[in-house]
2 protein chains.
Amino acid sequence: MANSLDTFLFVSIAVALISFAFAAWLFSWVKSRPSENARIAEVGEYIREGAHTFLRKEYVMLAKFAGAAAFLIILFLPRPIWAGNPAENIVMAISYLAGTVFSAVAGVIGIRVATVANVKTAEAAQQGIKPSFMAGFRGGAVMGMAVVGSTLLGVALIMLITKNTTDLLGFSFGASSLALFAKAGGGIFTKTADLSADLVGKVELGIPEDDPRNPAVIADNVGDNVGDVAGMGADLFDSNVASLAAALVLASVLDSAAGNMINSSMVLCYASLGLIASILGVAMARMGDKGPTHALNNSTYYTTGIFIALTAVATILFGFQWRIWGASVSGLLVGVIIGIATDYYTDDTKKPVQTAAKASEDGPALTILSGVSYGFLSVLPAMVGIAIAALVAYKLCEPIGEGYAMFGIAMAAVGMLSIVGMIISNDAYGPIVDNARGLAEMGSLGEDIVEITDQLDSAGNTVKAITKGFAIAAAGLTVIALLGAFTSEVNAAAAEHGVAGITGFDIMDPVVFFGMLVGAAVPSVFSAMLMIGVNRNAERMIAEIHRQFNEIIGLKEGSPGVIPEYARCIEIATVGALHELIPAGLVAILITLGVGFIGGVKAIGGFLTGNIVSGLLLALFMSNAGGLWDNTKKYIESGHHGGKGSAAHKAAVTGDTVGDPFKDTAGPSINTQITVVSLIASLAASLFLTYSLF
Amino acid sequence: MANSLDTFLFVSIAVALISFAFAAWLFSWVKSRPSENARIAEVGEYIREGAHTFLRKEYVMLAKFAGAAAFLIILFLPRPIWAGNPAENIVMAISYLAGTVFSAVAGVIGIRVATVANVKTAEAAQQGIKPSFMAGFRGGAVMGMAVVGSTLLGVALIMLITKNTTDLLGFSFGASSLALFAKAGGGIFTKTADLSADLVGKVELGIPEDDPRNPAVIADNVGDNVGDVAGMGADLFDSNVASLAAALVLASVLDSAAGNMINSSMVLCYASLGLIASILGVAMARMGDKGPTHALNNSTYYTTGIFIALTAVATILFGFQWRIWGASVSGLLVGVIIGIATDYYTDDTKKPVQTAAKASEDGPALTILSGVSYGFLSVLPAMVGIAIAALVAYKLCEPIGEGYAMFGIAMAAVGMLSIVGMIISNDAYGPIVDNARGLAEMGSLGEDIVEITDQLDSAGNTVKAITKGFAIAAAGLTVIALLGAFTSEVNAAAAEHGVAGITGFDIMDPVVFFGMLVGAAVPSVFSAMLMIGVNRNAERMIAEIHRQFNEIIGLKEGSPGVIPEYARCIEIATVGALHELIPAGLVAILITLGVGFIGGVKAIGGFLTGNIVSGLLLALFMSNAGGLWDNTKKYIESGHHGGKGSAAHKAAVTGDTVGDPFKDTAGPSINTQITVVSLIASLAASLFLTYSLF
């Protein structure tokens, strides 16, 4: 490995350390905000404790899973231990475990900060919306910086130590497999609690959101943290690592052919600059008079601009290819455009939400049908956008030479994910201010303060829709690049075995088509299993809530001093989530292995393609429909079509309840499912080549 | 064209005429059933008139569309008129128009019979369930015989006259484009009426289904006919023609290489035997003591067995390839297995429906989530089944020689669709007995008689779920074969232009990938537009129903002699459906042309694949989720979880209302959308090859 690459690796590590330092500063800033309300502190403590308990139990369970997976890796990957070099397998297993540990650490950091920032944000609301915004935003930014810093640090360390990009795929697989389960577990936890709290509280009894009488209210707030903060962080960590891994695998093939390290260096350079741009974007974020949504979106646009400028300078300085720069920038711009287009379907000033709100007057069935319809429509801009980004990147880079076209797609994904630090900051802001709203309500800070946190919360929802579209698009591009990485792994393995490699996957080949149809069914089965898990769990929790309202005297009436048994609900959510989180992920993994061992690498090529196509479709549909229903409910609550308590409102609450697991459990988990499956395919490429039935 | 083929063409025409004769006999049998109740005759007349009025208006509109399409065909297809032979274009346009006319005639026959058979079935219920079953079943069978007879007659005539398989694609396109709009228009009509009648009647006012006080009740019954009978008939006519066209296109390439006509003969022979098997199956159908579901399913199994036996004999007699026979039989068997697997998700004795029913106790959100979850799960067996059928057919026929592998898939589709006469008979039985139930209720025949028709109706629903799974699977295999036909058209055009043909479509080619992502978005956009159409239309009708209940004195109370203005609701459904039916279909067609002219034939290869994959996924999901909700409601109505009027029932009605446009508008229309798009691609292959941007 050339020295020039080592320089970029050290620079990457340095930038990662800077981001950690910045995160630490942000955390101390958040911690130094004043807080004095005893009730809020008490409830905040409940939430913190619940979140940590769940996370501890979840990670203990996942550690066992990761241990088992590492054992299998030692036996079989990248080659069966009896046919290859055992040392290689051990390094791969260690890379894998490192991926899981980095992912877990990022999750834990996020939770630690979020469960402090929620209290601070609620208290700061008493000083006005601007300080409250800053507490929420900077709390989220800690997560953003931690995740991207970990990505860069992990990738650079693996490269530096193993000097082998295949181990990077192992690291990435570690990150993905943990993300898969963390997202599933957190998603089931949060939506179990949210759905149960809403169904009994809002729909049956008509008590407001976050009412302290509701036994599930703390579990709901815990859920925001374990699902949206930890789960989402793990998800984006995973995409970010995967995009870098795919790009570096492809770059190393090009570099070893050219005898230099320029493409690998470029990947690391762009990734470092993306992190720097995010740091600057976060540091510059201030809330002006145009409100929180404007502030959040502006930081994204600044970060985008800074990244484009910095990479242009670097391209001049280091003599990178302008065409590749173009691919990266086009990826980023398409990402932003997809975000904006997605916004149309979930923004309450636009037609879709307003149509759904009007339809709600005629009952929940029409609310659901409107949401499903607009959700289905909403997939078009993103799918076409991803298609165009891939096509542009490919065509831009094709003239550079063989193999550059696919590398261009990988760099478009890297470009799209370059501002992920900013995206995560915006995203983690959401659950923090959502929690703050609950704390303000439960701490009886008064209507005005709740109103302020409501405003912040609503901005969080809007921004979340945009960042989700962005994240899904980025995952889409990443897995296309992973398809390229898979091909390159297959060809490397084929060369070793002395058999013919593959140049592509022909749709007309029935083995490819077979894989494609099976692959397309996987995201749908996977998300179904998660939703069935939520349903099953929610039924248990609803029964518990009913029991408490029936048995605890004075609870329904809100007699002073009567508090529900919050811990029982947290316990149910925890046990249920831990019970349901393994099967769905395991099914996805086992079907992949099944298809690979039956149909071989060609079937896997089709499988990955079908999986990407249907995965993108369902993820976009579910996220956007869910966002639409959420905002429809908020729109009606703000006084339209009869406002709170009207028939339209009741219908909209039903819509929102359906949308919750769509947008926070199943939809975003599909991202991770696609990535995991792509990585397994690459890692097991050699096995599929040797041991398949066809 | 060899004489042996002509023989088979004449035999096909003869078999088609036999099926028409049998249909005429069945119709006269149905008409000769006694009917005397004046009230039923009156309501039956309303329904007949409403259905015919709608159909007349719809066909007038579609005639204009078909005229415009024929004009464009004369200008551009198969080659632009200035670059090709105008006579060819005129023959193509005539073939196209013939396809539309055959499709329309089959629809009209179906409606004529169904609107007689509904009255006869209701009246026959007074003699007991068996005579009532026979009236309903034989009424449906008229439709089955007419559709399959038209298919065989049309295909044979076009072959005999034009001697050109490309014109067969034109005929098929005519059938498809009419089916697309007929299905969309009928689907929007029926679900507008059904949804509005349910929302105001059952949910708001709590009056029973088919209550004569409900102003939308006649429109609802009209809808069953125009949506489920005419629309469904057009749909299966379309699939049936497309499967034969694809098989004959591929066969003619093989035959002209081999210098004989054996493969084309085989296609016609198998199709004729399928029709004969269906005639025998219908003739043998009797209801025993095991109830109507058993009788319907048994006829399907008999038909399957007869087809397998007859084709085996023919294979021996005419020296066809046993491997191709194997492909056909495997297609048919997989179709039956998919039907049975689909049944699991919609049968009320199985877990999915029972889980959804239990979840309904906690409100409509959980009903919806259960249905969506199981709907998502239900796609797996069918997708895997189609994948396996295609793989088995391909691998079976590959050894015969070049090109036979894809022909094998086409013959698997022909095999699966061979029993379509029986399938349509079972399917058309559904709306007839559904109507009969309404007539029994409105004609005040008493609880016992309504109970009998209820039993027949419930069997119709169960069987419908199976036949729908079957129809979607058949469409899936057919479009895979059409992909083969498309490749063969492209290569024929390429040879003419002296450019290189294509051997396949590589997933790693970004132009293919671009097409795939766009193609995958189309079914989702298409079904969204249809559902938005239903929503919009339903809102208008709900307003009208509210107006009538408010303004017509004594209506709500059911004062004697007070009847609602049924015609106003029929009018609203008609105008709305006609207004909404064109855009969705047009969007699908225009996007196809757009992708073709931008990305050329490679992009179209990807486009068709993406379209098939996501189309199958969504069609299966929507049909099965809809079927599940329907049966969940019926299961609760039969006394479980509190029975009629309970909270669970109200939730289940919401589920059923959401499911109605899923299963009867959007889901099954996707079938047709996939076929239309595949046929356009094949017809415009030469244009895309010459005039594309990339």
Side-chain angles (χ1 to χ4, degrees), chain A residues 195 199 203 359 362-366 368-370 372-374 376-377 379-380 383-384 386-387 390-391 394-395 405-406 409 480 483-484 487 504-511 513-514 516-518 520-521 524-525 527-528 531-532 535 538-539 542 605 609-610 613-614 617 621 654 657-658 661, chain B residues 195 199 203 359 362-366 368-370 372-374 376-377 379-380 383-384 386-387 390-391 394-395 405-406 480 483-484 487 504-511 513-514 516-518 520-521 524-525 527-528 531-532 534-535 538-539 542 605 609-610 613-614 617 621 654 657-658 661:
Chain A
L195 205 143
L199 275 182
V203 179
D362 293 317
L366 290 186
I368 301 290
L369 283 172
S370 305
V372 169
S373 307
Y374 284 110
F376 275 160
L377 272 187
V379 307
L380 188 68
M383 300 280 273
V384 173
I386 296 168
L391 192 58
Y394 195 100
K395 289 283 170 191
M406 192 44 89
I409 293 181
I480 300 176
L483 200 60
T487 316
F505 304 98
D506 182 4
I507 291 170
M508 308 294 284
D509 182 335
V511 176
F513 209 95
F514 166 82
M516 188 143 45
L517 286 176
V518 178
S524 133
V525 169
S527 44
M531 287 193 292
I532 290 173
N535 254 12
E539 280 182 29
I542 288 172
T609 313
V613 168
S614 94
L617 186 82
F621 158 60
T654 298
T657 312
V658 171
Chain B
L195 206 145
L199 275 181
V203 180
D362 293 317
L366 289 185
I368 302 290
L369 283 172
S370 305
V372 169
S373 306
Y374 284 110
F376 275 159
L377 272 187
V379 307
L380 189 69
M383 300 279 274
V384 173
I386 297 168
L391 193 58
Y394 195 101
K395 290 284 172 191
M406 193 43 92
I480 299 176
L483 199 62
T487 316
F505 304 98
D506 182 5
I507 291 168
M508 308 294 285
D509 181 334
V511 175
F513 210 94
F514 165 83
M516 189 143 43
L517 286 177
V518 178
S524 132
V525 169
S527 45
M531 287 193 289
I532 290 173
V534 170
N535 253 13
E539 281 182 28
I542 288 172
T609 313
V613 168
S614 93
L617 186 81
F621 158 60
T654 299
T657 313
V658 171

Go through the atoms of [X] and report whether side chain, backbone, both or neither lie under 4.5 Å from a heavy atom of chain B.
X	result
A:Thr657	both
A:Ile542	side chain
A:Leu617	side chain

Exercise for the section: Show your working on side chain to side chain contact (heavy atoms under 4.5 Å, CB included) between B:Leu517 and A:Val384 and close with a plain yes or no. Expected result: CA-CA 7 Å; B:Leu517 286 177; A:Val384 173; over 6 Å; no
Can you confirm whether [X] sits close enough to [Y] that some side-chain heavy atom of one is under 4.5 Å from a side-chain heavy atom of the other?
X	Y	value
A:Ile532	B:Leu377	yes
B:Leu195	A:Leu369	yes
A:Tyr394	B:Asp509	no
A:Ile507	B:Leu483	yes

Given heavy-atom pairs under 4.5 angstrom as the criterion, report whether the side chain, backbone, both or neither of [X] touches chain A.
X	result
B:Leu199	side chain
B:Val511	both
B:Pro661	side chain
B:Thr654	both

Considering only heavy atoms and a distance below 4.5 Å, find which of [options] pairs most often with chain A.
options	answer
B:Val518, B:Leu391, B:Val379	B:Leu391
B:Ala390, B:Gly605, B:Gly363, B:Ala520	B:Ala520
B:Tyr374, B:Phe376, B:Phe513, B:Phe621	B:Phe376
B:Pro510, B:Ala538, B:Ala387	B:Pro510

Handout entry: B:Asp506 side chain to A:Phe505 backbone, donor-acceptor under 3.5 Å
Key =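 Looks like yes, one N/O pair under 3.5 Å.
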Exercise for the section: Give the minimum heavy-atom separation between B:Leu380 and A:Ala521, together with the two atoms involved. Expected result: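 Looks like CD1-CB, 3.6 Å.
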Problem - Least distance between heavy atoms, A:Ser373 atom then B:Ala528 atom - result: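 Minimum heavy-atom separation between A:Ser373 and B:Ala528: O-CB, 3.1 Å.
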Handout entry: Rounded distance [0.5 Å steps], CE in B:Met531 versus CD1 in A:Ile368
Key =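 One gets 11.5 Å once the value is rounded to the nearest 0.5 Å.
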Problem - A:Met508 CE to B:Thr487 OG1 distance, which is reported to the nearest 0.5 Å - result: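 Answer rounded to 0.5 Å: 3.0 Å.
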Exercise for the section: Using the side chain to side chain contact (heavy atoms under 4.5 Å, CB included) rule, take B:Val372 and A:Val658 through it: C-alpha gap first, then chi angles, then the decisive distance, then the call. Expected result: CA-CA 10 Å; B:Val372 169; A:Val658 171; 5.6 Å; no
